[in-house]
Number of protein chains: 2
Amino acid sequence: MHIAELARIIKERRKVLGINQEQLSELTEIGLRTIKGLEAGKTNPTLHTISTILDVLGLTLEIKTKK
Amino acid sequence: MHIAELARIIKERRKVLGINQEQLSELTEIGLRTIKGLEAGKTNPTLHTISTILDVLGLTLEIKTKK
DNA sequence: AAGTAAAGAGCACTACAATGCACATAGCAG
DNA sequence: CTGCTATGTGCATTGTAGTGCTCTTTACTT
């Protein structure tokens, strides 16, 4: 999992749910500037930021054995 | 996925593979102090740190739809 | 109990994530 | 082409992740 892939998944999921970055910022209580930077692939987000956003989007992080 | 759970998974997997924190630090090129802090659940690691460690441990991060 | 190896923690420093604000750019409806 | 809305970005600030060094604590072995 790299940053570009995470950014893509979050952005796509957000659009499927029909909300914009500002609404996602309010729902997650994560700064709008942070959401923008993350979706644009410009930052290396922390676990807290990632899991909070995924949670609001109805997604979860899982760890699997590499095949 | 929260920090304590990630710490537990990484620590257990590392022991299964029979390596210590110092060896994991060398294999991942991530500072020993960072590995120690992460496994002790004292930090909020970045995606780069998490994915690099999981990769060396033969694990991968996946994003799933919450059930 | 004593010795050794591994893990945890304090301190100080650097780099950068998170943040708000303001402005720029892209996309889309008319 | 013109607005309008959403997304992207530059700048400055604050907090903290990542790091090495050193010391303490824990765990295992004899």
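Quick note on labels: first sequence line is chain A, next is B, and so on, each numbered from 1.
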>> So, taking the atom named CG in B/Leu54 and the one named CD1 in B/Ile10, what distance separates them when rounded to the nearest 0.5 Å?
In response: 5.0 Å

>> Tell me the closest heavy-atom pair linking B/Ile3 and B/Gly41, and the distance in Å.
In response: CG2-CA, 4.0 Å

> Which atom pair, heavy atoms only, marks the closest approach of B/Ala7 to B/Leu38?
Replying inline: CB-O, 3.4 Å

>> If the cut-off is 4.0 Å, is B/Thr34 near the phosphate of D/dT19, judged by side-chain N/O to OP1 or OP2?
In response: yes

> What pairs meet the salt bridge (charged side-chain N to carboxylate O under 4.0 Å, His left out) rule with one or both residues in residues 43-63 of chain A, with sequence neighbours excluded?
Replying inline: A/Asp55-B/Lys66, A/Glu62-A/Lys64

> Taking atom CD1 of A/Ile53 and atom CZ of A/Arg13, what is their separation to the nearest 0.5 Å?
Replying inline: 14.0 Å

> How about B/His48: does its NE2 atom have over 12 heavy atoms from other parts shown lying under 6.0 Å from it?
Replying inline: no

>> Using a 4.0 Å cut-off on heavy atoms, which residues in residues 7-18 of chain A reach DNA chain D? List them by number, or say none.
In response: A/Lys11, A/Arg14

> What integer distance in Å separates B/Glu29:CD from D/dT19:P?
Replying inline: 10 Å

> Once you round it to whole Å, what is the distance between P of D/dT7 and CG of A/Leu24?
Replying inline: 10 Å

> Within a strict 4.5 Å, meaning less than it, do heavy atoms of the A/Ile19 and A/Leu57 side chains meet?
Replying inline: yes

>> Checking side chain to side chain donor-acceptor pair (under 3.5 Å) between A/Gln21 and each of A/Glu26, A/Glu39, A/Lys11, which is the one that passes?
In response: A/Glu39

> Which atom pair, heavy atoms only, marks the closest approach of A/Gly31 to A/Ser25?
Replying inline: C-OG, 3.6 Å

> So, do A/Ile63 and B/Leu6 sit near enough that their side-chain heavy atoms are less than 4.5 Å apart?
Replying inline: yes

>> Is A/Gln21 close enough to D/dT5 that one of its side-chain N or O atoms is under 4.0 Å from OP1 or OP2 there?
In response: no

> Which of residues 46-61 of chain B sit near DNA chain D, with a heavy atom under 4.0 Å from it?
Replying inline: B/Thr46, B/Thr49

> Taking 5' to 3' order, which nucleotide of DNA chain C is first and which is last to have an atom within less than 4.0 Å of a heavy atom in chain A?
Replying inline: C/dA17 to C/dC21

> Do B/Leu61 and B/Leu17 belong together in a cluster built from hydrophobic side chains that touch within less than 4.5 Å?
Replying inline: yes

Could you go through nucleotides 20-30 of chain D and list every protein N or O atom that sits under 3.5 Å from one of its N or O atoms, giving the distance for each pair?
unit_1	atom_1	unit_2	atom_2	d
D/dG20	O6	B/Arg33	NE	3.4

> What are the two closest non-hydrogen atoms of A/Arg14 and A/Asn20, and how far apart are they?
Replying inline: NH1-CA, 3.4 Å

> Which atom names give the shortest non-hydrogen contact between A/Leu47 and B/Ile50, and what distance separates them?
Replying inline: CB-CD1, 3.9 Å

>> Please identify which of these residues, B/Thr49, B/Thr34, B/Val56, meets the side chain to side chain contact (heavy atoms under 4.5 Å, CB included) condition with B/Thr28.
In response: B/Val56

> Minimum heavy-atom separation for B/Gly18 to B/Gln23, with atom names?
Replying inline: O-OE1, 4.2 Å

>> Using C1' atoms of five pairs at each end, report the bend of the helix from C/dA1-D/dT30 to C/dG30-D/dC1 rounded to 10 degrees.
In response: 60°

